[in-house]
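One-based numbering along the sequence shown. What's counted below: heavy atoms across the whole structure, side chains too, no hydrogens, waters or symmetry copies. This structure is a prediction, so every number in the text was calculated from the model and none was measured.
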Amino acid sequence: MKNIVILISGRGSNMEAIVHALKTEGWPARVAAVISNRADAPGLAFAAQHGIATAVVGNKDYASRAEFDAALQAVVDGYAPDLVVLAGFMRILTEPFVTHYAGRMLNIHPSLLPLFPGLATHAQALAAGVREHGATVHFVTAELDHGPMVLQASVPVLPDDTVETLSARVLEQEHVIYPRAVRWFIEDRLTIAQGAVQVDHSK
C-alpha cells in the first residue's frame, strides 16, 4: 500500500479526480494527506469530507522560499510519501525540495510541453495560433515545467475559442490523464532512463 501526498493551492479538481479514481479502481494506495499553502483552499474541505488528513503550511508565514520549502518538506515527510502529487500547487519549488523528491513527484501542466511553460498557457496558445493544445503529466525537476514527460492529451483549438472555453476542454483531459499517470506510478510501471519515461504496459 503506497502513500500519496497531494499539494494544492485552490479547489484541487485534479486532486478530486485522483481521489475518485483511486477509490473506484481500487489502487494499492491511499491518499495519506492533502496539504495546501492556503488555509482557504476549497480542496481541503473535499479532502476532509473523504476522510483524508489535511494540513496547511502558509508560504506567507516564512521569510524566504527556502524556509517555506523546508517547513513544507517536514510536513510532507511526516506522511511517509511514496509519491508527491502537485495538483494546482501555485508555488515554484526550490531545488533542494525538488531533489529530495526526485523521481517521486509528479505535476500536470496545461500545455503540450515543451510548448508554453509557465503561466497563462491558454492565452499563450491562442496568441500563437496553434491548432492543438493540451496537458502534460511530468516528473518534477529543478527546471520549471521541463521534467521527463509521462503522458499527454491534446484538444483541438477551435476558431471561436476563448481562454475560458479552451481551458475547460483541457481540464477535462487533465482529469483523465493525471489519475492514469498516478496509477502507473503506484503500479510500478514507470521508469526514467536517460531523461525519458518508459511505461511498462505488460502489468
- Determine, stepwise, if the pair D188 / K2 fulfils side chain to side chain contact (heavy atoms under 4.5 Å, CB included). CA-CA 11 Å; D188 297 319; K2 289 188 170 68; 3.3 Å; yes
- side chain to side chain contact (heavy atoms under 4.5 Å, CB included) evaluation trace for V31 with V85: CA-CA 10 Å; V31 177; V85 174; over 6 Å; no
- For the pair D200 and T191, evaluate side chain to side chain contact (heavy atoms under 4.5 Å, CB included) and give the outcome as yes or no after the intermediate values. CA-CA 8 Å; D200 181 355; T191 55; over 6 Å; no
- Task: Check step by step if salt bridge (Lys or Arg N to Asp or Glu O under 4.0 Å) holds for D82 and R30.
- Result: CA-CA 10 Å; D82 296 284; R30 70 185 187 107; over 6 Å; no
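In this structure, I4 and A29 approach most closely via the heavy-atom pair CD1-CB, 4.1 Å. Residues A181 and L190 approach most closely at O-CD1, 4.0 Å, considering heavy atoms. In terms of heavy-atom proximity, L44 sits nearest to I8 at N-CD1, 3.8 Å. Among all heavy-atom pairs drawn from Q73 and P96, the shortest one is OE1-O, 4.3 Å. The two residues G134 and V170 make their nearest non-hydrogen contact at O-CG1, 3.5 Å.
Between H133 and H122, the side chains place a donor N or O and an acceptor N or O closer than 3.5 Å (distance only, hydrogens not considered).
Side-chain contact between W184 and L151 is present, with heavy atoms from C-beta onward closer than 4.5 Å. The shortest side-chain heavy-atom distance between P156 and R131 does not fall under the 4.5 Å cut-off. By the 4.5 Å heavy-atom criterion applied to side chains, P28 and I186 are counted as neighbours. No side-chain heavy atom of T136 sits less than 4.5 Å from a side-chain heavy atom of V150. Using a 4.5 Å cut-off on side-chain heavy atoms (C-beta onward), N107 and D145 make contact. Contact annotation: the side chain of H50 approaches that of K23 to within less than 4.5 Å [non-hydrogen atoms, C-beta and beyond].
A cation-pi arrangement is found for R91 relative to F68, the charged atom lying closer than 6.0 Å to the ring centre and inside a 45° cone about the ring normal.
Scanning for side-chain hydrogen bond (donor to acceptor under 3.5 Å, both in side chains) contacts around N59 gives N37, with sequence neighbours left out. Residues satisfying the side-chain hydrogen bond (donor to acceptor under 3.5 Å, both in side chains) test with R104, not counting sequence neighbours, are none.
Judged purely by atom type and a 3.5 angstrom limit, D161 uses its side chain to pair as donor or acceptor with the backbone of L158.
Grouping the Ile, Leu, Val, Met, Phe, Trp and Tyr side chains by contacts below 4.5 angstrom, directly or via other members, places L93 with I35. No continuous path of ILVMFWY side-chain contacts below 4.5 Å connects I177 to L112, so the two sit in separate hydrophobic clusters. In the hydrophobic clustering of this structure, V140 does not group with L83; members are Ile, Leu, Val, Met, Phe, Trp, Tyr whose side-chain heavy atoms approach within less than 4.5 Å, directly or through other members.
Sorted by first and then second residue, the ring pair (Phe, Tyr, Trp, His ring centres under 6.0 Å) pairs with a member in residues 72-99 read F97-Y101; sequence neighbours excluded.
Ring centers of H146 and F139: at least 6.0 Å apart, outside the cut-off.
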